[in-house]
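Numbering of ligands and ligand atoms starts at 1, following listing order. Only heavy atoms go into these numbers, but all of them, side chains included; no hydrogens, no water, no symmetry mates.
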Amino acid sequence: MCGIFAYLNYNVARERRYILEVLFNGLRRLEYRGYDSAGIAIDADLRPPVTNEKKSDYGSGEEEMLPPYDSLPPLVFRQEGKIESLVRSVYFEVDAMDLNLEQSFPVHAGIAHTRWATHGVPSPRNSHPQSSDAWNEFLVVHNGIITNYEVLKETLVRHGFTFESETDTEVIPKLAKFVFDKAREEGEQTVTFSQVVTEVMRQLEGAFALIFKSAHYPNELIACTRGSTLILGVKELIDDKIRGKLFHDVKDLTKDEKPKELFFSSDLCAIVEHTKKYLAIEDNEVVHIKDGCVSILKFDYGKEKPASVQRALSVLEMEVEQIKKGNYDHFMQKEIHEQPHSLTTTMRGRLKDNSVVLGGLKEHLKTIRHSRRIIFIGCGTSYNAALAARPLFEELSGIPVTMELASDLQDRQGPIYREDTAVFVSQSGETADTLLALEYALANGALCVGVTNTVGSTLARKTHCGIHINAGCEIGVASTKAYTSQIVAMAMMALAIGADRISTQARRQAIVDDLSNLPYKISEVLKLDGEMRDLAESLIDTQSLLVFGRGYNYATALEGALKVKEVALMHSEGMLAGEMKHGPLALVDETLPIIVIATRDGCFSKQQSVIQQLHARKGRLIVMCSEGDASSVRPVESCKVIEVPQVADCLQPVINIIPLQLLAYHLTVQRGYDVDQPRNLAKSVTTQ
Ligand code: AGP
C-alpha cells in the first residue's frame with residue numbers, strides 16, 4: 001500500500017522548481033496511502049550527447065566515469081519519514097549540489113513514491129524509486145507486491161547483479177536492465193522501452209502498479225498494472241476548441257505535438273487539481289508516453305507480441321475541495337462532519353417514486369434473487385458496514401446471508417458456489433485480501449458484486465456489477481463517511497432486491513422515507529460534538545474501552561471500537577452483548593468504561609437487561625439510547641447517557657456510529673496522536 005505518481009510535461013517549458021513541486025504535491029495527496037518514507041527521481045542538467053568518437057575514447061579508462069547513455073544520470077532523492085522530510089532533504093541536497101532550480105525543461109519526466117513498508121524497514125535504501133544500478137539506468141516506483149521476487153533475485157544475482165535494499169521492488173529495475181542489456185548484446189540496437197517493460201512484466205508475479213523511468217529513454221515514461229489501481233491524467237494546455245479537437249480518446253494522444261501535461265497516479269486524488277480527464281489503466285496494460293504521445297499495449301501471456309488498444313478518456317466527477325481540509329483541523333474531522341452531504345450524494349438519483357433504482361445492478365437483480373446464498377466479503381470497516389446491512393438483506397430478500405472476512409475466507413478456502421452471490425465491500429477497491437477473495441469467488445463461478453467508493457478501482461473493474469457509494473474522496477486513514485455510505489448503499493441494494501415482494505411493501509416504504517430524512521438526522525446527531533469532546537476528556541487516561549451492541553448495532557460496537565483502537569491508540573473491543581455473560585463479564589469493574597448501545601429496536605429490552613447486569617457489577621457505564629429514553633435506560637443518575645435521534649431500526653447504525661466517531665476523534669486529539677495518519681497504518685492495504 002504505497003502511492004505512486006509521475007508527471008511529464010511535453011512541449012511546455014517547466015522549471016525544475018515547478019516540476020519538484022508538482023511531484024511533492026502529488027505525494028502529499030497520496031500520503032494517506034503510506035507515510036514512512038518517500039522518494040522522487042528527476043533529470044539532472046542536460047549535457048551534450050556523447051559522440052561515437054568520444055565513446056571510443058572511453059576504452060582508455062574513462063568508462064568507469066561515464067554512464068552508458070548520452071546524458072547525465074537521473075537524480076534520485078529518497079528519505080525516511082513523511083513527505084515534508086523528503087521535501088526538506090531534496091531542497092537541501094539541491095542547494096548543496098548547486099543545482100539550478102530555475103532551469104527550464106521543455107520536456108521532462110519525473111516519478112515519485114510514498115511508502116508503507118512491507119519488505120524492509122523504512123530507510124532511504126528501501127525507499128523508492130528503486131534503481132537498476134549506480135547509473136540509474138532504470139528506475140521504478142511500485143505499489144503492491146511481487147510474490148516471486150526471491151526467485152528473480154537469485155537469477156539476477158547469478159548474472160552478477162548486487163542488491164542494496166530489502167525490498168521486493170528492487171528486482172524490477174534490475175530485471176529491466178538485464179532485459180535491455182541482453183537485447184543489446186544480441187544486436188537489437190532498437191529495443192524499445194515498451195519491449196523492455198513488457199518482457200519484465202512477463203516475469204513478474206503478484207499484484208502491482210509500476211512506473212518506469214529510464215536514462216536510456218529520456219523524456220519517456222511507462223506505467224503498467226496488474227491487480228492494482230493506476231490512473232493516467234491528461235491535461236491539454238491550449239484552447240483546442242479554437243485550434244482543433246479536444247482530447248476525448250487516447251487515440252487523439254497518439255499522434256499530436258500539442259503541449260500537454262500527463263500524470264500517472266495511484267488514485268484520482270492526486271490528479272484532480274490538474275485535470276478532470278483520466279483513464280483508469282486496466283490489468284496488463286502497458287501505457288507508454290513518448291514524444292508527448294500515449295500508446296497502450298495489452299499484454300497477453302499467450303502471445304509473443306502485445307496488442308495495441310484504444311481507450312476513451314473519462315471525465316472525473318470530483319471537486320478539488322474534496323481533497324482539501326477546508327476549515328477543519330484534520331481530514332477525519334472534516335469527513336465526519338461531511339456525512340449529511342456524503343449520504344446525500346450516495347442516494348442522489350437512486351430514490352425514485354418511493355423505490356430504489358440502482359443502475360449498476362438492474363440487469364443482475366433477477367440472478368441475485370435466485371441465488372442460494374449471499375456472502376458479504378470485506379475487511380475492517382468495510383466488513384463492519386456489511387455486518388450492519390446483513391439483517392436487512394436477510395429480512396427483505398429471504399436469502400441466507402453469511403459474512404466473510406476476506407483474509408479468513410482465503411485462509412480456509414471456504415466453499416463458494418455458482419449459485420452464490422458474493423458481495424465485495426471495499427472503500428478503496430484495492431485491498432489485497434478482498435481482491436484475492438474476489439479472484440477466488442470469480443474462479444468458483446459466483447456472481448460477484450462490488451460496493452466501492454473508488455471509480456476505476458480494481459474491484460470496480462473486476463466484479464460483474466456493483467454500486468459506487470459516491471461518498472467522495474476519503475483521505476483520513478480511519479474510514480468514517482465511507483462507512484455510513486456503505487451501509488446506506490447496501491440498504492438500497494437490499495430494498496432493490498426485495499422490491500418484488502408485496503409482503504414487505506409497507507416496511508420498504510418506511511425505510512425509503514427514513515433514508516430521505518437521514519442527512520437531516522445526521523446533522524442533528526453531529527451536534528453531540530461538544531458532548532463527545534467532554535466524554536473523551538473524562539476517558540483520556542483510561543487504558544481500555546468496551547462497546548456492547550447487538551442486532552443491527554453489533555456492527556456499531558465493532559466499528560466504534562475499531563475507530564478508537566485505530567486512531568486514539570487505546571485498547572478497545574466491540575462485543576456482541578449476547579456474549580457478555582459468556583466471558584467478558586469477568587472484566588467488569590468500577591474503572592473499565594463500557595459503552596452500551598441501547599437505541600430502540602427489537603433488542604431494546606435485552607439491552608436494558610444488559611445494563612442492569614453491568615450496573616449490578618458496578619460497571620462504569622455509558623449508555624447510548626434514543627432521544628427521550630434516558631430515564632428508562634439510566635440505572636443511576638450519575639450514568640452518562642448519549643441520546644441520539646431515532647430512525648428505522650435498520651438505518652440506526654448510521655446514526656449511532658457518529659458519536660463514536662466523534663469520541664475516537666476527540667480522544668486522539670486529546671491524547672496527542674496523529675489523527676489522519678495513525679501509527680503503522682495506511683489507507684489501502686495492498687499487501688496480504
Ligand atoms: C478503517 O478505518 C480502516 N482504515 C480499515 O479497517 C479499512 O476499512 C480496511 O483496511 C479495508 O479497506 P477497504 O475498505 O479500502 O477495502
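Of the heavy atoms in Glu566, only side-chain atoms (C-beta onward) come closer than 4.0 Å to ligand 1.
Remark: side-chain polar atoms of Thr225 are paired, donor with acceptor, to backbone N or O of Ser228 under 3.5 angstrom.
For the side-chain contact (heavy atoms from CB on, under 4.5 Å) with Tyr149, the qualifying choice from Asp168, Leu204, Thr169, Ile172 is Asp168, the only one to do so. Exactly one residue among Glu559, Gln333, Gln339 makes a side-chain hydrogen bond (donor to acceptor under 3.5 Å, both in side chains) with Gln661. That residue is Gln339.
Considering both main-chain and side-chain atoms, Val477 comes within under 3.5 Å of ligand 1 through a nitrogen or oxygen pair. Looking at ligand 1, you won't find any N or O of Gln486 less than 3.5 Å from one of its N or O atoms. Looking at Thr434 next to ligand 1, no N or O pair under 3.5 Å apart turns up.
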Next item on the list: Run the numbers on His113 and Phe5 for ring-ring contact (aromatic ring centres under 6.0 Å, His included), then give the verdict.
Entry: CA-CA 6 Å; His113 186 269; Phe5 184 76; over 10 Å; no
Next item on the list: Could you check Phe263 against Tyr278 for ring-ring contact (aromatic ring centres under 6.0 Å, His included), going step by step and ending with a plain yes or no?
Entry: CA-CA 9 Å; Phe263 307 84; Tyr278 76 98; over 10 Å; no
Item checked: Test log, rule salt bridge (charged side-chain N to carboxylate O under 4.0 Å, His left out), inputs Glu394 and Arg390 -> CA-CA 6 Å; Glu394 288 177 332; Arg390 177 197 200 178; 3.6 Å; yes
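Counting atoms of ligand 1 from 1 in the listed order, those under 4.0 Å from a heavy atom of Gln427 are 13 (P), 14 (O), 15 (O), 16 (O). With ligand atoms numbered from 1 in the order given, ligand 1 contributes 2 (O) to contacts under 4.0 Å with heavy atoms of Ala478. Near Ser479, with a cut-off below 4.0 Å to any heavy atom, the atoms of ligand 1 are 1 (C), 2 (O). Of all atoms in ligand 1, listed by their number and element, those nearer than 4.0 Å to a heavy atom of Ser382 are 8 (O), 13 (P), 14 (O). Within the listing of ligand 1, atoms 13 (P), 15 (O), 16 (O) sit less than 4.0 angstrom from a heavy atom of Ser428.
Atom CZ in Arg461 sits 9.5 Å away from atom CD in Glu430 (nearest 0.5 Å).
When the heavy-atom distances from atom 1 (C) of ligand 1 to Thr431, Thr381, Leu459 are ranked, the shortest goes to Thr381.
For the residue pair Gln486/Asn453, the side-chain donor-acceptor check at 3.5 Å is not satisfied.
Note on ligand 1: Glu430 sits outside its first shell, no heavy atom being nearer than 4.0 Å.
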